[in-house]
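Have a look at the structure below, then the notes.
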Amino acid sequence: MKKFITEREKTMEWTNSFIFTSREPPADAETISQKLMHQAGMIDKLVSGVYSYLPLGLRVLQKVSNIIREEMNNAGAVEILMPALQPSSLWKESKRFGKMGKDMIVFKDRHNREMLLGPTHEEVVSDIVRKYVRSWKNLPVMLYQIQTKYRDEIRPRFGIIRSREFLMKDCYSFDRTEQESEQSYLKMRQAYLRIFSRCSLSVTVQAADSGVIGGKFSEEFVAAGDCAELEIGHIFKLGTDYSEKLHVVYMDKDGIEKPVVMGCYGIGVSRIVAAIIEGSYDDRGIIWPVSVAPFHAIIVPVNMSDSRAVETADKIHKELESSNIEVLFDNREESAGVKFADADLIGIPYRITLGRKLVDGKIEIMERKTKKIYDVEVEKAKEFMLSAIKEST
RNA sequence: CGGGGCGUAGCGCAGCUGGCUUAGCGCGCUUGGUUUGGGACCAAGAGGUCCCCAGUUCAAAUCUGGGCGCCCCGACCA
């Protein structure tokens, strides 16, 4: 599997990567992230509030997911994957059925059993934990997943920012005492701040209304940016509300059965992607931070009929990839202007141009963010890129 | 759910004020040629149930009714 992926990386050429940019944004796009994601060929709208991720968009989504995964694992959480399909009976047990109103997609299966597409997973994760956790020795535990959620929003809007189907990381903590739960909460809070910082997002944390999720206390993480009210993360202290209703209990040292103290912690993964764009773009397009960019560098031979330039580009391409630098080779037979404009639009942090300076054995490396141009000797391309990437992460 | 707007080629749009019959424009796409450092040029081409259904009429993209879809504003929400 790994080998397969590696082989594919080595042939990352524009013409076989299913990348389609467009000159104009779709007429129905309003917010900047929505426009740019469409123009850059990252996403494709199927119906209102439902999107496909195309290769460029998926790569970013995976980068963000991996950052989240690393930080969750570091905080001691364990990854699982729960089903989107859930029986309504569980929600009746927790007394939440109906509370979400029409936001929840409910339907009958062929046996006339009432099912739903999960808007969140407190019920399911509680059901798992109550089946396996028996003793105080099994606690504390934190379980998380990165999974698709369904909420039939009254009005989906801002593209990926409020959609009806979206990718979310949800984590749930199970502790013996309030104090222990407080520790889990703070650990998650720290992990969240690290995640957003690694995504180059500046966020503010504010006390919030717990809404339908309930619980005693919650805070939300709001991204700074042009698009007002972006809530990209929300953490809750749930207390024993769910565990009492769903009978999630453990046998304590003193031989008394006690309800587990819960917490839940959500991040809108797809929403983070949009939030990053909202906070980082210019009139040419997206400006990805290196940590989540779909590629670190894009190689642009100005003239594809210049065989020497193409050969050199190919050489640099392979050399960089052998050092785990992710490179997209723009091998299209397009004019320089088109390639430059597209490179700027899709926001790759570094553009390596092979053109007129090649006669002096030099290539040009442009930093997307600052537009600074460096003339670099062909042999030093790898060295330059390695240090550039290191500096910016 | 209330208010507003929109639906014509892959994308962006014009045409709709009562009809002009071969439905256009820009971009993109195909082929050939000339170009090659910031969205190149010339030539030839392909591509359309004008959202759907019904009605009015000699005649409907255009008028009428109904439906579907999409976007924006508001209340609501991770």
Side-chain angles (χ1 to χ4, degrees), chain A residues 20-31 34-35 38-39 41 44-50 99-104 118-122 147-171 192 208-215 218-223 228-236 264-272 274-275 283-285 300-307 309-310 330 332-346 351-359 362-364 366 371 373 375:
Chain A
F20 298 97
T21 59
S22 79
R23 212 157 175 163
E24 289 174 281
D28 55 16
E30 198 61 27
T31 55
Q34 192 181 3
K35 282 183 188 168
H38 269 111
Q39 269 186 273
D44 175 76
K45 186 175 78 183
L46 183 61
V47 289
S48 173
V50 182
K99 274 198 183 170
M100 287 226 166
K102 290 195 169 175
D103 277 11
M104 194 153 74
T120 178
H121 281 72
E122 283 81 6
Q147 188 254 10
T148 306
K149 297 281 183 278
Y150 296 86
R151 294 186 193 177
D152 196 2
E153 294 284 347
I154 297 170
R155 181 153 87 85
R157 63 176 127 174
F158 308 138
I160 227 77
I161 292 176
R162 175 170 313 181
S163 48
R164 295 193 288 172
E165 176 178 316
F166 60 99
L167 195 63
M168 181 171 169
K169 186 285 301 179
D170 44 328
C171 180
Y192 271 41
D209 178 7
S210 298
V212 185
I213 304 290
S218 82
E219 288 176 299
E220 57 188 22
F221 296 77
V222 182
E229 45 156 340
L230 266 171
E231 186 188 336
I232 54 176
H234 203 156
I235 56 181
F236 302 80
C264 83
Y265 318 92
I267 286 184
V269 184
S270 32
R271 203 177 258 191
I272 282 186
D283 56 342
R284 296 179 177 182
V300 181
V302 169
N303 183 352
M304 285 302 287
S305 52
D306 176 350
S307 60
V310 174
D330 191 348
R332 293 176 299 168
E333 305 271 354
E334 287 287 353
S335 71
V338 170
K339 291 187 176 192
F340 291 162
D342 276 343
D344 290 341
L345 173 65
I346 66 179
R351 187 188 78 203
I352 300 172
T353 310
L354 292 93
R356 53 164 92 105
K357 291 168 187 167
L358 209 53
V359 293
K362 287 185 176 173
I363 55 170
E364 179 184 291
M366 189 185 87
K371 295 175 186 153
I373 290 174
D375 291 336

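Just so it is clear, the values below take in all heavy atoms, side chains as well, and ignore hydrogens, waters and symmetry mates. These figures come from a predicted structure and were not determined experimentally. Chain identifiers are assigned alphabetically (A, B, ...) following the order of the sequence lines, protein sequences preceding nucleic acid strands; residue numbering begins at 1 within each chain.
Straight-line distance from the CZ atom of A:Phe236 to the P atom of B:rC77: 12 Å, rounded to whole Å. Regarding A:Glu24, its CD atom lies at a distance of 12 Å from the C1' atom of B:rC25, rounded to whole Å.
Applying the 3.5 Å distance criterion, the base of B:rG39 shares no donor-acceptor pair with the side chain of A:Glu334. A donor-acceptor contact under 3.5 Å is formed by the side chain of A:Arg162 with the base of B:rC77. Between the side chain of A:Asn303 and the base of B:rG37 there is no donor-acceptor pair of N/O atoms closer than 3.5 Å. No hydrogens or angles were tested; on distance alone, a donor-acceptor pair under 3.5 Å links the side chain of A:Arg351 to the base of B:rG38. If you check distances only, the side chain of A:Ser305 does reach the base of B:rU36 with a donor-acceptor pair under 3.5 Å.
A:Ala341 comes within 4.0 angstrom of a nucleotide base, judged by non-hydrogen atoms across all strands. A:Asp342 comes within 4.0 angstrom of a base, heavy atoms only. Nucleic acid contact class of A:Asp170 (heavy atoms, under 4.0 Å, all strands): none. At a threshold of 4.0 angstrom between heavy atoms, the contacts of A:Gly355 include nucleobase atoms, whether or not backbone atoms are also involved.
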**Request:** Let me see the working for A:Met304 and A:Val310 under side chain to side chain contact (heavy atoms under 4.5 Å, CB included), right down to the final yes or no.
**Result:** CA-CA 6 Å; A:Met304 285 302 287; A:Val310 174; 4.0 Å; yes
**Prompt:** Could you go step by step and tell me if A:Met100 and A:Thr120 meet the side chain to side chain contact (heavy atoms under 4.5 Å, CB included) rule?
**Reply:** CA-CA 11 Å; A:Met100 287 226 166; A:Thr120 178; 4.0 Å; yes
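When atom types are taken as modelled, the side chain of A:Glu231 and the backbone of A:Val222 share no donor-acceptor pair closer than 3.5 angstrom.
Remark: B:rG28 base-pairs with no nucleotide in the shown strands. Criterion, Watson-Crick or G-U wobble with two distances under 3.5 Å. For B:rA9, there is no paired base (Watson-Crick or G-U wobble, both distances below 3.5 Å). Nucleotide B:rC41 forms a Watson-Crick or G-U wobble pair with B:rG33, both donor-acceptor distances falling under 3.5 Å. Across all strands shown, B:rU21 remains unpaired; no Watson-Crick or G-U wobble contact has both distances below 3.5 Å. Summarising the base pairing, B:rU49 is matched to no nucleotide, lacking a Watson-Crick or G-U wobble pair whose two defining distances lie under 3.5 Å. Base pairing of B:rG2 is made with B:rC73, judged by Watson-Crick or G-U wobble geometry with both donor-acceptor distances under 3.5 Å.
A:Arg151 forms no cation-pi arrangement with A:Phe166, by the criterion of a distance under 6.0 Å to the ring centre and an angle within 45° of the ring axis.
The C1' atoms of B:rC70 and B:rU8 are separated by 15 Å, rounded to the nearest whole Å. Here, B:rA44 and B:rA61 have their C1' atoms 30 Å apart, quoted to the whole Å.
Between A:Tyr265 and A:Tyr192, the ring planes lie perpendicular to each other; the angle is over 60°, past the 30° to 60° tilted range.
Under 4.0 angstrom from either OP1 or OP2 of B:rG12 there lies no side-chain N or O belonging to A:Ser22.
The side chain of A:Val338 lies closest to B:rG39, out of B:rG37, B:rG39, B:rC76.
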